[in-house]
Asker: 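One structure follows; several queries about it will come next.
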Amino acid sequence: MLNSAKSARKNRAKQAAAVGVAAVVAASLAACGSGRTDEAGSGAGLVVGTTDKIFSLDPAAAYDNGSLLVENQIYSYLLNFAPGDTTPKPDAAEKCEFSGPTVYTCKIKSGLKFANGNPLTAKSVKFSFDRMVAINDPHGPASLLGNLEKTDVVDDLTVAFTLKVANDQTFPTILPTQAGPIVDEKVFPADKVATDEEVVAAKGYSGPYTISSYDKNKLVEYKANPDYNGILGTPKNDSVSTKYYATSDNLKLDLQNGAIDVGYRSFTPTDIDSLRADSKVKVTDGPGGELRYIVFNMNTMPGNTPEQKLAVRKAMASSVDREALATGVYKGTYQPAFGYVPQGMTGAAEPLKDLYGAKPDKAKAAKFLADAGVATPVTLNLQYNPDHYGSSSSEEYAAVKSQLEASGLFKVNLQSTEWVTYQKERASDGYPMYQFGWFPDFPDADNYLTPFFGPNNFLQSHFENPGINAQLTAEATESDPVKRAELIKKIQADLAQNHLPTLPLLSGKQVAVSKPGVTGVDETLDGSFKFRFTVLSK
């Protein structure tokens with residue numbers, strides 16, 4: 001995703017998710033501004049606390065966990081994940097199915113409308129997807145739609161998606177992601193991102209909640225939307241508020257004092273240990289899936305040639321101690337990651353362990369650099385984010401700096417930037433290498449591969465390789481699950497051996513903390529990685 005995403009409109013071969021899901025879904029379905037906007041929000045009801053910051057309320061510019069939390073509440077999708085389910089089912093759609101190898105057709109429920117009263121029709125759906133692709137915002141999820149050739153209105157309630165690659169096993173699981181919110185064509189601009197104030201005022205959304213009061217990254221208040229008719233059902237709480245915290249310290253304190261009902265992202269490992277021992281709160285663990293790693297800008301990172309740059313990346317891979325990060329910094333709440341797909345998912349592998357070592361190997365690292373003619377010590381300008389991924393990021397990257405410098409091969413200049421600025425700068429060649437974390441869009445291995453390593457990828461790191469692109473297409477269109485798993489492992493081996501565009505470090509699980517009387521937290525902490533307010537009650 002780098003070249004000014006507007007000019008990088010290449011043939012984005014975005015595949016999609018779970019093998020065999022197309023058939024499963026077809027069968028099951030056929031049966032940001034910064035100001036404050038108020039609408040007399042009461043602040044009553046259930047209160048959720050978080051340190052995750054909202055980047056944008058406009059889906060075209062939102063591809064982060066903080067924005068996703070809001071999107072899950074206010075937007076409807078053609079397909080969505082019911083709590084506890086990882087198979088996409090109808091939300092705004094009545095049914096969706098493949099009507100041909102490259103055509104996916106959805107019939108929309110009749111009588112749907114946006115919160116502002118405007119009708120939600122096939123035109124709304126076409127507008128939403130056309131707009132996402134046309135704007136192609138560098139901070140948005142348009143790369144997920146790389147396999148979408150066009151969207152057509154068949155009739156008022158029917159829309160047809162024509163795909164570039166036939167037999168895409170994953171397109172149905174793209175529809176519930178951040179690329180899939182349906183917006184009102186009468187109030188959203190077709191060619192630019194709407195401000196948060198415009199989104200709140202226009203009410204061009206149709207999910208289970210509406211926003212009644214909005215003070216960005218401070219307090220957002222929601223009211224149940226009586227017109228919502230989707231898979232998430234009637235909210236168990238008519239009123240929910242989200243309170244935003246600068247650090248986890250105050251989030252934890254407010255939970256323990258009973259000032260809020262639920263805390264979701266992000267607590268430090270020390271916080272979690274302490275909260276597990278506190279009888280006044282309940283800690284709930286959900287499925288894993290989070291991946292933390294270092295991203296390399298292939299143009300601006302150290303090295304005079306591509307070969308030297310690769311040698312630097314390989315030497316770093318042989319110099320970091322993931323186990324020390326997992327146990328010393330994160331107290332076992334994260335595990336070492338030696339592959340691009342987390343353990344537990346189909347296709348998971350650990351190629352970096354064999355190639356670069358499970359522990360730091362100075363001799364191996366030095367040989368990589370010497371063979372490529374790289375003079376040492378190599379100066380590394382490494383950026384990290386102190387607020388979005390939790391306050392332990394500072395300790396994590398201090399440890400990474402120490403590990404790299406302990407080899408004698410590197411001199412690390414460590415710098416930090418807060419999230420909103422970080423998101424903009426990392427996508428515009430601002431950092432030679434930087435911290436990043438991934439919270440999957442949908443529960444499938446492809447979502448850890450194509451968004452990062454396919455054409456026009458989200459990282460905008462200047463990495464693109466025809467061989468990798470071909471392999472990504474092959475795995476996404478392979479209907480045999482055994483063969484597909486092997487293809488996914490092969491891609492990871494190729495990436496680790498010949499490219500190393502990112503350096504995986506850690507993988508982790510979901511954690512939420514609540515007051516004992518709150519129910520529904522365990523229902524929403526599922527493999528879809530969507531946190532839904534509709535199931536929460538107290």
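This one's a predicted model, so the numbers in the text were calculated from it and none came from an experiment.
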Asker: Determine the sole option in K401, M316, K411 for which the side-chain contact (heavy atoms from CB on, under 4.5 Å) test with L380 is passed.
Answerer: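 Filter result, single survivor: M316.
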Asker: If you round to the nearest 0.5 Å, how far is CG of L369 from OG1 of T376?
Answerer: 7.0 Å
Asker: Without swapping roles, check the side chain of T177 against the backbone of A179 for a donor-acceptor pair under 3.5 Å.
Answerer: yes
Asker: Side chain of D254, backbone of A259: donor and acceptor closer than 3.5 Å?
Answerer: no
Asker: Could you walk me through whether D494 and I468 pass side-chain contact (heavy atoms from CB on, under 4.5 Å), step by step?
Answerer: CA-CA 8 Å; D494 191 351; I468 294 296; 3.7 Å; yes
Asker: List the residues meeting side-chain contact (heavy atoms from CB on, under 4.5 Å) with L310, not counting sequence neighbours, and say none if there are none.
Answerer: R313, K314, L500
Asker: Only counting residues at least two apart or in another chain, list the ones meeting side chain to side chain donor-acceptor pair (under 3.5 Å) with T268.
Answerer: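 For T268 the side chain to side chain donor-acceptor pair (under 3.5 Å) partners, ignoring immediate neighbours, are D271.
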Asker: Write down the atom of F529, the atom of P287, and the distance for their closest heavy-atom approach.
Answerer: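 Nearest heavy atoms, F529 then P287: CE2-O, 4.0 Å.
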Asker: Could you please spell out the steps behind the side chain to side chain donor-acceptor pair (under 3.5 Å) verdict for S393 and Q435?
Answerer: CA-CA 9 Å; S393 291; Q435 173 199 26; 3.1 Å; yes
Asker: Show which side-chain atoms of residues 350-358 pair as donor or acceptor with protein atoms under 3.5 Å away, not counting sequence neighbours.
Answerer:
from : atom 1 : to   : atom 2 : distance (Å)
E350 : OE1    : K353 : NZ     : 3.3
Y356 : OH     : A496 : O      : 2.5

Asker: To the nearest 0.5 Å, what is the distance between CG (D273) and CZ (F267)?
Answerer: 13.0 Å
Asker: Can you list everything that forms a side-chain contact (heavy atoms from CB on, under 4.5 Å) with P432? Sequence neighbours excluded, please.
Answerer: T300, N381
Asker: Sorted by first residue and then second, give each ring pair (Phe, Tyr, Trp, His ring centres under 6.0 Å) pair with at least one member in residues 397-416; sequence neighbours left out.
Answerer: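 Every pair satisfying ring pair (Phe, Tyr, Trp, His ring centres under 6.0 Å) with a residue in residues 397-416: Y384-Y397.
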Asker: Over all heavy atoms of both residues, which pair between T473 and T477 is shortest? Give the atoms and the distance, please.
Answerer: O-OG1, 2.8 Å
Asker: Is K53 salt-bridged to D64, cutoff N-O under 4.0 Å?
Answerer: no
Asker: When you look at V378 and V374, which way does the side-chain contact (heavy atoms from CB on, under 4.5 Å) test go after all the steps?
Answerer: CA-CA 8 Å; V378 181; V374 179; 3.6 Å; yes
Asker: Taking the basic N atoms (NZ, or NE/NH1/NH2) and the acidic carboxylate oxygens, is any pair closer than 4.0 Å for K243 and D261?
Answerer: no
Asker: Quick one: which residue pairs count as a ring pair (Phe, Tyr, Trp, His ring centres under 6.0 Å) with a foot in residues 468-523, not counting sequence neighbours?
Answerer: F463-H499
Asker: Passes side chain to side chain donor-acceptor pair (under 3.5 Å), K252 versus S274? Steps please.
Answerer: CA-CA 10 Å; K252 175 191 172 189; S274 174; 3.1 Å; yes
Asker: For a side-chain contact (heavy atoms from CB on, under 4.5 Å) check, start with the C-alpha distance between Q169 and D444, then their side-chain angles and the critical distance, and finish with the verdict.
Answerer: CA-CA 11 Å; Q169 300 297 299; D444 185 80; over 6 Å; no
Asker: How long is the gap from CG on L472 to OG1 on T450, to the nearest 0.5 Å?
Answerer: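 Result: 4.0 Å between the selected atoms.
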Asker: So does L505 get a backbone contact from the side chain of R292, meaning a donor-acceptor N/O pair under 3.5 Å?
Answerer: no
Asker: What's the separation between atom CG in N250 and atom CG in N257, rounded to the nearest 0.5 Å?
Answerer: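 Result: 10.0 Å between the selected atoms.
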Asker: Before giving the answer on side chain to side chain donor-acceptor pair (under 3.5 Å), spell out for Q178 and E71 the whole-Å C-alpha distance, their side-chain angles and the decisive distance to 0.1 Å.
Answerer: CA-CA 8 Å; Q178 286 191 274; E71 289 178 329; 2.8 Å; yes
Asker: Y389 side chain to G437 main-chain N or O, any donor-acceptor pair under 3.5 Å?
Answerer: yes
Asker: Indicate the atoms forming the closest heavy-atom contact of V341 with A348, along with that distance.
Answerer: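 Looking at all heavy atoms of both residues, the shortest contact is O-CB, 3.7 Å.
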Asker: Could you list all the salt bridge (Lys or Arg N to Asp or Glu O under 4.0 Å) pairs where at least one residue sits in residues 368-380, not counting sequence neighbours?
Answerer: K367-D371
Asker: Return yes when atom CD of E425 has more than 12 non-hydrogen atoms of other residues, nucleotides or ligands closer than 6.0 Å, and no otherwise.
Answerer: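 For E425, atom CD is crowded (more than 12 foreign heavy atoms under 6.0 Å).
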Asker: Would the distance check show the side chain of S392 and the main-chain N or O of E395 forming a donor-acceptor pair, the cut-off being under 3.5 Å?
Answerer: no
Asker: Not counting sequence neighbours, which residues clear salt bridge (charged side-chain N to carboxylate O under 4.0 Å, His left out) with K359? List them please.
Answerer: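 Counting only residues at least two positions away or on another chain, K359 forms a salt bridge (charged side-chain N to carboxylate O under 4.0 Å, His left out) with D321.
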Asker: How long is the gap from CG on N297 to CZ on R426, to the nearest 0.5 Å?
Answerer: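 Interatomic distance, N297 CG to R426 CZ, rounded to 0.5 Å: 11.0 Å.
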Asker: Looking at E486 and K489, does any basic side-chain N land under 4.0 Å from a carboxylate oxygen?
Answerer: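 Counted as a salt bridge, because a side-chain N and a carboxylate O are separated by less than 4.0 Å.
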Asker: When you measure from the side chain of R484 to the backbone N and O of E475, does any donor-acceptor pair fall under 3.5 Å?
Answerer: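 It does hold such a pair.
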Asker: Examine distances only and state if a side-chain atom of T524 and a backbone atom of V521 form a donor-acceptor pair shorter than 3.5 Å.
Answerer: no
Asker: Looking at every non-hydrogen atom in both residues, tell me the closest pair between Y422 and T417 and how far apart they are.
Answerer: CD1-O, 3.6 Å
Asker: Under the salt bridge (Lys or Arg N to Asp or Glu O under 4.0 Å) rule, what pairs show up with a residue in residues 325-346, not counting sequence neighbours?
Answerer: none
Asker: Got a sec, which pairs hit ring pair (Phe, Tyr, Trp, His ring centres under 6.0 Å) with one end in residues 321-342, sequence neighbours left out?
Answerer: Y330-Y334, Y340-F453
Asker: Are any of the side-chain nitrogens in D85 or K89 under 4.0 Å away from the carboxylate oxygens of its partner?
Answerer: yes
Asker: What pair of heavy atoms forms the shortest contact from D441 to Y63, and how long is it?
Answerer: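 For D441 and Y63, the tightest heavy-atom pair comes out as OD2-OH, 2.9 Å.
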Asker: Using a strict threshold of under 4.0 Å (side-chain N to carboxylate O), is an ion pair present between K483 and E478?
Answerer: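 Answer for the salt bridge query: no.
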Asker: Donor-acceptor check, side chain of E323 to backbone of P336, threshold 3.5 angstrom: yes or no?
Answerer: no
Asker: So which heavy atom on S514 is nearest to which on L255, and how close?
Answerer: CA-CD2, 4.4 Å
Asker: Is the NZ atom of K490 crowded by more than 12 outside heavy atoms at less than 6.0 Å?
Answerer: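 12 or below, so no.
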Asker: Please enumerate all residues that pass side-chain contact (heavy atoms from CB on, under 4.5 Å) together with V295, with sequence neighbours excluded.
Answerer: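 Residues passing side-chain contact (heavy atoms from CB on, under 4.5 Å) with V295: Y293, Y434, F436, L459, S461, T502.
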Asker: Would you find a donor on one side and an acceptor on the other, under 3.5 Å apart, between the side chain of S143 and the backbone of P451?
Answerer: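 Here the side-chain-to-backbone pair does not exist.
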Asker: Checking the side chain of D387 only, and the main-chain atoms of W419 only, is there a donor and an acceptor separated by less than 3.5 Å?
Answerer: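 Checking the backbone N and O of W419 against the side chain of D387, a donor-acceptor pair under 3.5 Å is found.
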Asker: Start with the C-alpha gap between H139 and F458, add the side-chain angles, then the distance that decides, and say whether side-chain contact (heavy atoms from CB on, under 4.5 Å) holds.
Answerer: CA-CA 8 Å; H139 310 105; F458 175 66; 5.7 Å; no
Asker: Quick check for you: to the nearest 0.5 Å, what is the distance between N447 atom CG and M345 atom CE?
Answerer: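 Between N447 CG and M345 CE, I get 8.0 Å after rounding to 0.5 Å.
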Asker: Please determine if E307 and K309 form a salt bridge, counting it only when a charged side-chain N lies under 4.0 Å from a carboxylate O.
Answerer: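 The answer is no: the pair does not qualify as a salt bridge.
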Asker: What I want to find out is whether R532 reaches D526 closely enough, with some N-O distance under 4.0 Å, to be called a salt bridge.
Answerer: yes
Asker: Quick one: list whatever passes side-chain contact (heavy atoms from CB on, under 4.5 Å) with N72, sequence neighbours left out.
Answerer: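 N72 satisfies side-chain contact (heavy atoms from CB on, under 4.5 Å) with L68, Y77, K530 once adjacent residues are dropped.
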